[in-house]
Peer 1: 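Let me give you the structure first, and then I'll get to my questions.
Per chain, numbering begins at 1; letters A, B, ... match sequence-line order.
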Number of protein chains: 4
Amino acid sequence: MSYNLRLLISCPDRRGLIAAISSFVSLHDGNILSADQFVSDSGSFFMRLEIEGEGNGFGLAREEFGGAFAPLARRYGMDWRVTHTDRPKRMAVLVSKYDHCLIDLLWRWESRDLEAELPVVISNHDDLRSRVESYGIPYVHLPVTKGTKAEQEAKVLEVLGSHAVDLVVLARYMQILSPDFVAAYPERIINIHHSFLPAFVGAEPYRRAHERGVKMIGATAHYVTDELDAGQIIHQDVAHVTHRHGVGDLVRLGGEIERRVLARAVRWHLEDRVLVDGDRTVVFE
Amino acid sequence: MSYNLRLLISCPDRRGLIAAISSFVSLHDGNILSADQFVSDSGSFFMRLEIEGEGNGFGLAREEFGGAFAPLARRYGMDWRVTHTDRPKRMAVLVSKYDHCLIDLLWRWESRDLEAELPVVISNHDDLRSRVESYGIPYVHLPVTKGTKAEQEAKVLEVLGSHAVDLVVLARYMQILSPDFVAAYPERIINIHHSFLPAFVGAEPYRRAHERGVKMIGATAHYVTDELDAGQIIHQDVAHVTHRHGVGDLVRLGGEIERRVLARAVRWHLEDRVLVDGDRTVVFE
Amino acid sequence: MSYNLRLLISCPDRRGLIAAISSFVSLHDGNILSADQFVSDSGSFFMRLEIEGEGNGFGLAREEFGGAFAPLARRYGMDWRVTHTDRPKRMAVLVSKYDHCLIDLLWRWESRDLEAELPVVISNHDDLRSRVESYGIPYVHLPVTKGTKAEQEAKVLEVLGSHAVDLVVLARYMQILSPDFVAAYPERIINIHHSFLPAFVGAEPYRRAHERGVKMIGATAHYVTDELDAGQIIHQDVAHVTHRHGVGDLVRLGGEIERRVLARAVRWHLEDRVLVDGDRTVVFE
Amino acid sequence: MSYNLRLLISCPDRRGLIAAISSFVSLHDGNILSADQFVSDSGSFFMRLEIEGEGNGFGLAREEFGGAFAPLARRYGMDWRVTHTDRPKRMAVLVSKYDHCLIDLLWRWESRDLEAELPVVISNHDDLRSRVESYGIPYVHLPVTKGTKAEQEAKVLEVLGSHAVDLVVLARYMQILSPDFVAAYPERIINIHHSFLPAFVGAEPYRRAHERGVKMIGATAHYVTDELDAGQIIHQDVAHVTHRHGVGDLVRLGGEIERRVLARAVRWHLEDRVLVDGDRTVVFE
C-alpha cells in the first residue's frame, strides 16, 4: 500500500544539516515531496520532510527506517519522529454543552477534511449524545462534580487508553485538567480558548472583553500545559466588533472564530506541521 | 460661508427622544445629512446628527443654536456639544524618535485626508525636526529627564495652550503623562499603544509578544486616562505573524498597524464620531 | 404577546423626513429601539426602525398600523413595509451535493442563531437526505435533466408555495434559475457564488482563480436576478492563499468562506437589514 | 566584507535535487541560513537558498561561484541566478500625480526598511518634485502627450539605463507602457493596480466598484507584461466597505491598501523572494 513518511526533526543548528538529511533520503532513493526548515534565534534547527514511501521507490521499509536513520540522528543530537500517512492519528473530542466546535469537527471528519480517526467523544454532560451518535461515533458520558474530579479523570484516561487515542481535543470542555492528566498526553492535548491570549486568561473572557470595551475579539488554540491558558499557541484569529455588540453577540461571533481556529490547529497537528520550541510553536503550514 | 453642524448628544434613554430632537431640527428648517443613534445595555442614549448650517436654509445662526437647544437639552438631561465643519480642530502631535506614525499623520494632513489644523509638533528629542519643518510646521524641542519631568510638562502645556490646541496625539511619544497633564485635556489625548490591549500593557510589548509566541500582533488607539494603557479604546487592528518573525520583524510589521490604527482613531475624533461611554467608546463610523 | 415592529422605508430624500417618521411613532407612544438611515448619492432616503409593539405601550395594533401610516407614506412617496419579530420568515434551502453551506445553516437554525422557520430542504440529488432528516426537516428530492428543467422548476415552485416560503436560499444549488422562477421571488432568493464577484463570474471559479494565480480567494452572497451572478451583492469575504494552494485547497478554504458569507447574508435578510438600491444594497448591520 | 548569497533555482523536478544542491553548498563549507522549496502541480521545482558568504567560511569567492555551480545547473537543466546582500538592487520609481505610494516608498527607503538604492524618481508631471528632493533623490520630469509617447519612453529608458536600474516600480504611474519598454525589463517592472484583479481591469476601478456595489475593495501588485493588468500577481489585499462609502471614500481607503500591497511586493522582489512560474508567482515569504 502506498503512503508517505513525514520526518520531523529538531536539534542544535549545525553546518551541513540539510545536506546530511537530504543525502540520507537520496541515498535510499527517496523522493522528497516537501521540505520545510527553520532556525530559531536561539540556534535550534527544525525540519519537516514529506517523503514518498516504499510503494514509490523509497528503499527503506517502514520498519527499517528507524535503524537506518538512528546513527545520523545521534551524530547531530536530533529529537526526531516519523509518521506514516496511511496511519492517521486517533483523535478524541472532549466537550461540555457548547456544540459549535464539536459540530464543525464532526463535519470536517465526515467530509475527510481532517485526516484522523474519531473513535470517541467524551462529555461531562449528556446533551450532545444524539448529535454525535448521528455520525456513528460512540458518546461516553462521564459526569463530574467537585468531589469526583480525580475519579472522573481516571475514567476519561481509561476511555482514551482503551481507544488508543493519540490526540485529545478540548472543544470547549470547560474543565481544567490536572497536571497528571496533562502529563499523560504531553503536547497532544489541544484546547480552544475563547479570547486572544494572553488577554483574558481564565473564565468569562467575552464578558470581560465587553467591559474593557475592546474593538476586536479572538480565539486561541494552544497545547495544554500545567499553567492555565499558558500553553504553546498554535493558531489565533480575531474579528472586529463595535459598541453595538453586546456580550451575547460576542459569544455568537466568537463561536465562529473558535471553531475556525480550533479546526485549523487540529488539522496542522494531524498533518505533523507543529513542532514545539520551548514556549512557542513552529508551524510549517 | 457654508458649513455643517455636528450635534453630539448623550443622555438617559427615553421614549420620544429621536422625535423631539429631529422635530427641533425640522422646526428650524434644518436638513439632516446623517443621523446615528445607539442605546447601550445600561440605558444610555447616544446620538450624532450632521445638519446643514445657515447657508443651506437652517434657521438658527451659529450663535443662536445654544440658546434655542438648551431647553430641550435640559428637559432630557442631555450632555451635548455642537461643532462646525468650517472650524476644524487644532491638533498637536507629540513624538519621540520613532517617525512612522508622525510621517503618516503629516502626509494625511497635507493631503487634507484629516480635517485638522496642525499648528505644532512637540518632541523630547530633536531628531525629527527637519522632516517636520519640510511640511512647514513648527517643531518644538522640549527635552526631558527624570528630574525635569514636571517642568517639561508645564512647558508642553504652555506650548499647547499658546497654539489653542484641541487634540493631543501621542504618536509613539514614549513618555507617561502625569494626571495633571491628562486632566488638562480630558478625552482629548489619543495614544497609540503597540499591542492588542489588554494584552501586553506597558513596556516592550513586541519583545514580550515574541516570548509568549503569539500568532498575531496588534495596536490599540485609546484616550489617555490616569491608569497606564487603560483608557477607552477607540480602534484596534492586528496582523498575522509566524515563528519566522523575530522581534525586529514584529516591530516593523507592528509599525504599519500602529500608523493605520492611530490615523483612523484621529480621523474619527476629528469628525466627532467618538463618544465616551464610561470605560468604553461609541464610534459612529 | 410581545413583539417588535421593523419598519423599512425608501423614498426620495426630503427635509423633515426623520422628524415626520419619528413623530408618527412618538404620537402613538412607540419606543424606538434602533434607527438607521442613509441617503444615497442619488438622493434616495433609506430607513430601518425597530419599534416595540403593542405589549410594550405602542398604541397601534398590528392590523391598524398600515391604515395609520399610509397617509404619511403617500405624502413622501415611500416604498415601505413592516414586519413583526414574532413572525419569523419561512426559509427554504435548495442544495445539490455540496453539504458545507447546508450543514452550517442547519446548525445555526437549530441553535436559534437564525430567526427563521425552515420548513423544507429541496435538492436535485438525494445525497443529503439523512443529514437533513436528522434535524427533523422534510427533504424533497426533485431531480432535473436538461429536458425537464421547466417541469422541475414548476415542482420546486409548488413545494415552495405549499410551505408558504418567504426566502429561498441557494446553498450551492448549482442550477441556473429561469427568469420566471426569479420573478416569483424578487429580492427574496439569495445565492452564494464561490468567487469574489465580479471576478470569475460563471463556472469553476476556483480552477480559474488558480490559473490566474490570484493571492486571495473569496465568496459573494447576492440576490438572484435574471443576469448570471450579477444580482445585488449583500456580503463578500476573502482569504489569503499562496502558490502552495492547489485547486483542491482553494475549494476547501473557499468552502469555509462560502458558509460564513452566506450565513451572514441570510441572517441580515431575515432581520430585515437589507434594502435594495438599484444594483446595490444598503445593509443596516 | 561580510555578505550572504541568495541562490534562486527553477527546473524540472527530479529525485535528489535538494540533496544535490545542499551537498554542493556543504562541500564548500557553506552555511545555509534559510531554504525554501516548492514543487508545482506541473512538476516544476523552485528553490531559494540563503547562504553565508566568504567572510563566514564559504569556500567559494564571489566570482568563483558561477563556474563551480554551472556543471550541477547544467545536469538538472536549471534556470538559476545568485545575488549578494551587500549589493542591493537599484530601484527607480515612476509616478504621475498621486503621492501616497511614492511617499510610503520614500519613507521605507529612508528608514532602511527596503534594501535598495533609490537613484531616481521619474514623473510625467512636475508636482512631486519638492517632496522627492527633500529626501535627497533626483527627480526627473519627462512630460508625455499622445504624440510624444515613443519619444518620452525612450528618454525614460535612457534615464533608467544611466542609473543602472534593476527594478522599475510604477507607483500609480497612470501610463501604459509599450511592449518594447516592457521587454527591456522583463519581470522587473512592478505595477500597483487599484483593484482586486482580475475584477475591474483597466481604468477607473473605484468608480466601477462603486457602481457594481461590491462590499470589498482591493489592490494588486503584479509584474508588467504586454497584456494590460494581466501580469503575474505578486500580492493582493482588500478591505471591507459598505453602502456608506462613496467613490471618494473608496479612493481614500483604497490608497491605503495600494501603498501597503505595493511596498510588500517591492520588498519581496528586492529580497529575491519572488520566482515566476508561467502566469503565476511563487513567493517564498
Peer 1: Please look at C/Asp279 and chain D and tell me whether the side chain, the backbone, both or neither of the residue comes under 4.5 angstrom of a heavy atom of that chain.
Peer 2: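 It is both, since atoms from each part get that close.
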Peer 1: Provide the closest heavy-atom pair for D/Arg212 versus C/Asp229 in the form atom of the first, atom of the second, distance.
Peer 2: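 Where D/Arg212 meets C/Asp229 most closely, the heavy atoms are NH2-O, 3.2 Å.
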Peer 1: Identify the residue among C/His235, C/Met216, C/Gln236 that makes a side chain to side chain contact (heavy atoms under 4.5 Å, CB included) with D/Met216.
Peer 2: C/Gln236
Peer 1: Can you tell me which portion of C/His240 sits under 4.5 Å from chain D's heavy atoms? Options are side chain, backbone, both or neither.
Peer 2: side chain
Peer 1: Can you confirm if the aromatic rings of C/Phe46 and D/His243 lie within a centre distance of less than 6.0 Å?
Peer 2: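 No.
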Peer 1: Between D/Asp237 and chain C, which part of the residue has a heavy atom less than 4.5 Å away: side chain, backbone, both or neither?
Peer 2: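 D/Asp237 touches chain C through backbone and side-chain heavy atoms alike.
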Peer 1: Does D/Ile176 CD1 have over 12 foreign heavy atoms under 6.0 Å away?
Peer 2: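 No, because the 6.0 Å sphere around CD1 of D/Ile176 holds 12 heavy atoms or fewer from other groups.
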Peer 1: Shortest non-hydrogen contact from C/Pro198 to D/Val214?
Peer 2: CD-CG1, 3.9 Å
Peer 1: Without hydrogens or angle criteria, can the side chains of C/Thr281 and D/Lys215 be said to hold a donor-acceptor pair below 3.5 Å?
Peer 2: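 There is such a pair (donor and acceptor under 3.5 Å, judged by atom type) between the side chains of C/Thr281 and D/Lys215.
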Peer 1: Which pair of non-hydrogen atoms, one from C/Arg280 and one from D/Glu211, has the smallest distance, and what is that distance?
Peer 2: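 In terms of heavy atoms, the two residues are closest at CG-O, 3.9 Å.
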Peer 1: With respect to chain C, which residue among D/Arg208, D/Arg244, D/Gln232 yields the maximal number of heavy-atom pairs within a distance under 4.5 Å?
Peer 2: D/Arg244
Peer 1: Would you compute the distance between atom CZ of D/Phe38 and atom OG1 of C/Thr242 and round it to the nearest 0.5 angstrom?
Peer 2: 7.5 Å
